[in-house]
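Letters go in sequence order (proteins before strands), and every chain restarts at 1. What you see is a predicted model, and the numbers here were worked out from it, not measured in a lab.
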Protein chains: 2
Amino acid sequence: MHPLNSKVRVWGSLRIRLLVAIAFLLTGAAMADIQPRLNVMPMPASVQMGTGQLPIDRTFWVTVSGFHDAMLDGGVERFKDQIQRRTGLLLQKPADPAHPTLSIHADHASEKVLKVGEDESYELTVTASGATLTAPNTLGILHGLETFLQLVTITPNGFVAPALTIHDQPRFVWRGTLIDVGRHFIPIDVLKRNIDGMAAVKLNVLHWHLYDSEGFRIESKRFPKLQGEGSDGRYYTQAEIRDFIAYAHDRGVRIMPEFEMPGHSRSMYVGYPELASGSGPYKMEPGAPDAEMDPTKEDTYKFLDKFLDEMASLFPDEYVHIGGDEVAGKEWEANPKIQAFMREHGMKNKQDLQAYFNQRLQKIVSKHHKIMVGWDEVLHPDLPKSVVVQSWRGQESLATAAKQGYRGLLSFGYYLDLMWPASRHYAVEPLSGQGATLNADEKNRILGGESCMWSEFITPENIDSRIWPRNAAIAERLWSPASVQDPASMYERMAQVSERLEWLGLTHRSSLAPALDRMAGGGDVTALHTLADVVEPVKDYTRMDNMKGPLDFRAPLNRLIDTARPESDQARRFHDTVQAYLSSGYKDRAAEASIRAQLIAWRDNDPRLHPLLEKSFLMAELAPLSADLSSLGFAGLFALEYLEKGAPSPAVWRAQQLVAIDLAAAPHGDLLIMVAGPVRQLVEASGGVPPAP
Amino acid sequence: MHPLNSKVRVWGSLRIRLLVAIAFLLTGAAMADIQPRLNVMPMPASVQMGTGQLPIDRTFWVTVSGFHDAMLDGGVERFKDQIQRRTGLLLQKPADPAHPTLSIHADHASEKVLKVGEDESYELTVTASGATLTAPNTLGILHGLETFLQLVTITPNGFVAPALTIHDQPRFVWRGTLIDVGRHFIPIDVLKRNIDGMAAVKLNVLHWHLYDSEGFRIESKRFPKLQGEGSDGRYYTQAEIRDFIAYAHDRGVRIMPEFEMPGHSRSMYVGYPELASGSGPYKMEPGAPDAEMDPTKEDTYKFLDKFLDEMASLFPDEYVHIGGDEVAGKEWEANPKIQAFMREHGMKNKQDLQAYFNQRLQKIVSKHHKIMVGWDEVLHPDLPKSVVVQSWRGQESLATAAKQGYRGLLSFGYYLDLMWPASRHYAVEPLSGQGATLNADEKNRILGGESCMWSEFITPENIDSRIWPRNAAIAERLWSPASVQDPASMYERMAQVSERLEWLGLTHRSSLAPALDRMAGGGDVTALHTLADVVEPVKDYTRMDNMKGPLDFRAPLNRLIDTARPESDQARRFHDTVQAYLSSGYKDRAAEASIRAQLIAWRDNDPRLHPLLEKSFLMAELAPLSADLSSLGFAGLFALEYLEKGAPSPAVWRAQQLVAIDLAAAPHGDLLIMVAGPVRQLVEASGGVPPAP
């Protein structure tokens with residue numbers, strides 16, 4: 001073909017395509033009734049689609065009738081600010097402010113201190129000419145505003161919200177996220193943006209794990225050596241804590257503090273060794289053994305009474321978490337006085353001693369008008385039924401508690417630090433397994449659940465990317481009807497929510513680029529992005545298991561594992577494309593082209609990445625991963641060639657490839673290449689029967 | 001070649017490459033003496049490279065001897081925080097804190113209110129075993145810390161700073177940036193992060209253009225209708241202003257307020273129409289004609305005396321800018337009383353009337369112990385020589401003022417809103433042209449210059465990307481010796497600075513992705529990024545000239561022109577690669593491959609982008625750009641084919657291509673495709689003599 005002719009032809013076709021596009025735009029008005037996807041997460045309890053769309057332009061106007069207070073007004077202001085950010089519109093008073101775009105009506109205030117089980121329902125109606133949001137109280141209005149924000153969509157005719165009617169309320173009353181600030185300190189501004197994210201997906205409790213062995217993060221005025229000796233100077237002042245609680249309250253989020261005891265609390269004993277069961281002294285050093293509070297001394301309870309008195313007035317929430325998990329009991333065993341006490345009181349084991357401790361503790365908690373929450377281990381028939389049990393062990397443990405009359409929360413299956421994919425968390429149902437056998441009353445005792453962000457490897461820089469967007473999937477599990485279960489729909493909506501969460505200031509997406517720039521020392525980092533996009537941190541506790549020596553909580557967290565996303569979108573999509581290609585009998589041309597382009601990019605990435613690897617000590621560990629990704633590209637491309645030809649690949653070749661793929665699937669630098677599986681499928685398929693003609 | 005053999009060969013070669021890489025790393029110690037590039041910007045007055053490198057690890061420790069105060073200590077704390085952010089290290093007290101990594105010594109404090117011409121020098125010595133930073137005062141220490149931060153580099157052996165000795169001080173004493181918050185309000189937190197950016201490149205004045213016709217942004221307690229009626233409710237309280245001034249002071253940045261008069265001040269007259277020369281009433285409406293203060297009424301000066309009295313105590317800086325530019329004089333012409341006044345006083349024109357106004361104004365400014373600064377137009381022999389003239393007109397205007405004994409500042413050539421490339425600003429030399437003819441005393445009157453961020457099309461979201469990184473090039477022009485002029489070195493260092501500025505919280509890089517997501521309504525926006533990466537907003541005042549009707553300062557700023565970067569890095573690099581290819585006689589294979597890959601990506605982008613264009617009203621205007629980019633890809637690829645074959649392209653084909661390229665080079669959607677020029681060069685070259693064999 002002569003270049004000239006070809007050029008003219010293509011140029012012509014482009015112009016034609018252009019004209020088609022313009023014609024399409026001109027007929028945009030005719031498209032106004034096409035329904036956009038419903039990008040709402042968590043999915044409401046009931047949605048009825050209407051006809052038409054409500055235009056959102058710069059005259060978008062909100063009025064509040066009926067009850068309002070500072071909390072509601074603040075929510076409306078933030079809502080308008082978000083409308084502006086997400087659309088780029090600068091809102092202004094319309095000519096006719098008596099006809100608002102959105103009218104809001106609440107009957108009354110929500111509680112001054114948010115209560116478990118408070119009404120959170122709302123009703124949102126959108127028509128082509130206006131929207132109405134009503135709710136019994138401010139909490140419902142806040143939830144409805146978040147739903148409305150998610151509904152705003154760009155179309156050929158401008159920003160719109162689809163016409164619909166939503167009746168919504170949560171399935172579970174307790175929908176929380178635990179953030180551990182003990183092992184690594186997380187500044188208040190980072191927590192605040194996470195509160196914004198939680199409110200956006202209708203989570204309503206931040207469980208603040210305020211200290212652990214590695215650091216005590218609350219200012220105590222009565223016992224200043226707690227934070228003074230028990231931290232590296234990084235802790236929250238009481239003024240900051242009050243401000244933060246008010247911030248969360250205004251967004252409909254309760255703050256439940258956790259005061260962990262008798263284990264996981266070494267940081268308390270650096271300043272107050274007399275509380276501990278060992279002989280001390282205790283230091284803030286990585287790798288020191290866990291220490292335990294001494295439950296046999298009356299002074300311990302005097303201390304706790306004073307300490308919890310101070311904390312009870314600082315934290316207004318009705319619930320106080322006292323930890324209670326993973327008490328190793330080694331200091332107890334080694335202390336003759338404690339052993340004598342146990343014998344005296346007929347205690348057989350550390351469980352009995354802890355139960356004694358918890359009974360004493362519960363009385364103190366109760367004296368300060370709080371309800372005690374604890375991890376599985378606290379469950380003991382001597383405790384009053386008001387105690388709430390949080391289960392890291394699973395639905396069975398939770399069901400056992402419910403059958404005994406205790407209320408419970410599920411966290412098993414919602415550990416964000418384990419680097420599971422969103423779909424795996426999403427599938428964890430509080431009322432499954434033993435939970436499904438409960439009667440109605442017992443089921444009602446399952447208050448909900450909490451995702452957990454344990455912070456062994458967390459920094460202010462990477463925490464958002466560990467919590468988001470996966471936390472939105474857990475939020476949906478806890479808010480939406482149990483029947484909402486399709487992972488494909490969840491992933492599609494989660495992708496939208498994820499983009500939009502960044503308008504709140506979250507950095508789960510934007511923090512990647514600077515971290516990779518830092519690793520590479522600047523310059524063109526495209527090849528590093530290509531690798532980073534297909535790897536995930538190793539799962540479960542593998543990273544800790546792989547460590548030589550104890551966890552060093554002062555170690556830098558600047559490796560690729562600290563930055564790579566817990567779930568690779570690209571790997572998931574590649575996996576889906578390969579399934580489409582294989583199940584089409586190798587006939588899906590679009591899938592084939594996409595797979596090929598991806599494989600070529602991976603094959604060719606290694607030579608591009610190598611110059612960067614050689615410049616940076618943080619990238620040296622990526623050399624095997626990069627080589628393996630290249631191998632996967634080669635293997636996949638050859639497999640594709642066999643599949644396209646319809647000629648089975650030689651068994652020897654396949655065997656070699658599968659060995660190489662196994663190597664590539666093994667972790668390097670605590671990272672996993674997540675596309676090894678689909679490439680393996682291609683290679684395996686290449687040995688099979690050719691597709692039907 | 002049989003796939004199997006090929007695979008094994010490549011797999012083998014990968015493993016070998018891996019071993020080589022590991023060997024390379026093991027010999028890293030031997031590489032410690034290799035000098036990294038000096039990524040410092042602005043380039044210091046004097047640098048002497050040493051031998052070796054100072055390791056930066058988590059025991060990095062700073063001590064301060066000699067003088068210190070809260071300003072210095074705060075600077076050291078921010079410095080340590082930045083070291084941690086940029087390296088990911090968690091700094092901790094080393095075993096031997098008596099041997100710090102960096103020791104700092106200042107002789108005395110800097111002035112309580114920063115003074116023009118204050119000593120800003122410092123001396124920084126880095127050896128393999130430690131670094132020393134000394135300066136006469138805190139300002140010098142702050143500058144030296146910014147230099148040190150820039151020196152920190154990643155290597156195969158960890159983070160290091162290269163051994164060297166720097167003696168540094170600025171060439172000009174006044175290095176500023178003007179930010180216009182009148183036309184679009186910019187919140188304090190956005191201004192603060194820009195102060196951080198300014199301090200990072202050693203700029204020392206924020207010229208705060210606090211109001212303009214479109215909005216009055218300062219709280220006046222004496223004249224509350226100024227902000228009350230003259231704004232949309234978006235203004236700074238006096239408490240915010242005081243806090244902001246303290247913030248800037250602590251970072252070595254002066255805040256000079258501008259109170260614009262007698263023109264560009266319509267917002268003042270909404271609440272106080274009696275100050276104006278027309279009959280009013282004045283409203284905050286887009287497109288209203290400019291209004292002018294009435295210089296003939298004594299009440300005007302009484303008002304100004306009270307207003308400036310209030311402002312003089314709010315703004316501690318010795319200098320006050322009174323605007324004075326672009327007085328249309330139409331209200332003056334239309335007012336018979338003013339005309340009579342002019343006749344009475346023998347004034348021939350509006351210039352004479354403005355000169356009279358300025359003399360009266362200057363006396364008021366002086367009474368409040370301030371020095372008056374004004375734009376070119378204020379220059380008049382009746383004004384005292386203390387007045388400083390800021391030139392938007394050019395070096396000639398500046399030189400004229402200097403010859404008359406006035407001090408001056410250059411802003412001509414530094415207008416960031418004109419969307420020029422950094423290199424063009426970088427080439428603007430205050431002492432060139434007429435400036436070069438000045439004698440030493442006159443040259444000393446040129447205090448420096450200011451970049452200007454006029455905000456007709458600026459939002460809190462895009463402002464950082466309009467200021468940065470180009471402002472770093474202007475900062476270098478004003479700080480570094482005049483001999484520092486190489487644009488290639490400037491671009492290389494600016495790229496590094498640009499990445500690092502984001503650690504301060506600036507969003508000039510990270511704000512692109514959310515804005516494109518918004519335009520596309522989510523999903524895969526790779527194709528939109530490909531287009532966005534090669535376009536730039538139209539230059540100079542073309543956007544305003546293209547507008548139908550007056551500027552609507554309430555219009556949404558969410559189009560691609562509002563997001564696209566003022567200077568396309570990718571286009572600049574493509575241009576450079578094409579030059580390398582052409583000047584090599586088409587023999588540079590790496591250049592050819594890079595050009596080809598780029599052209600293919602552009603050619604193939606249009607079909608990928610089209611589905612997105614059809615979904616979004618904000619993207620419809622991009623259809624012609626996308627088609628044109630595709631055409632450029634085609635044209636370039638065919639040209640490359642001719643060049644590679646060594647066969648001249650047919651003249652008819654070339655002529656047609658050049659027409660298409662001209663079309664592609666024309667603006668669409670107020671955007672320019674910046675790669676049309678180099679593609680034109682390829683097409684033109686394809687008609688010429690084939691390269692020598």
Whether the side chain of [X] engages the backbone of [Y] through a donor-acceptor N/O pair (distance < 3.5 Å, no angle test) should be reported.
X	Y	result
A:Glu614	B:Pro156	no
B:Arg554	A:Gln92	no
A:Gln496	B:Gly521	yes

Minimum heavy-atom separation for [X] and [Y], please, with both atom names.
X	Y	value
A:Arg234	B:Leu90	NH2-CD1, 3.9 Å
A:Ser616	B:Ile154	OG-CD1, 3.3 Å
A:Ser510	B:Ser510	CB-CB, 4.3 Å

Does any heavy atom of chain B fall under 4.5 Å from the side chain of A:Thr87, the backbone, both, or neither of them? backbone

Side chain from CB out, backbone as N, CA, C, O: work out which of these in A:Asn462 comes under 4.5 Å of a heavy atom of chain B, or both, or neither. neither

At a 4.5 Å cut-off on heavy atoms, which part of [X] comes close to chain A: side chain, backbone, both, or neither?
X	result
B:Met519	backbone
B:Ser649	neither
B:Phe553	backbone

What is the distance from atom OG1 of A:Thr153 to atom NZ of B:Lys615, rounded to the nearest 0.5 Å? 10.0 Å

Roughly how far, to the nearest 0.5 Å, is the CZ atom of B:Phe159 from the CZ atom of A:Arg518? 6.5 Å

A:Asp232 bridged to B:Lys93 by N-O distance under 4.0 Å: no

Is it true that B:Arg86 and A:Asp517 have a side-chain N and a carboxylate O under 4.0 angstrom from each other? no

B:Arg85 and A:Thr459: side chain to side chain contact (heavy atoms under 4.5 Å, CB included), yes or no, with the steps? CA-CA 10 Å; B:Arg85 279 175 194 251; A:Thr459 69; over 6 Å; no

Below 4.5 Å, heavy-atom pairs only: which of B:Leu637, B:Leu557, B:Asp552 has the largest tally toward chain A? B:Asp552

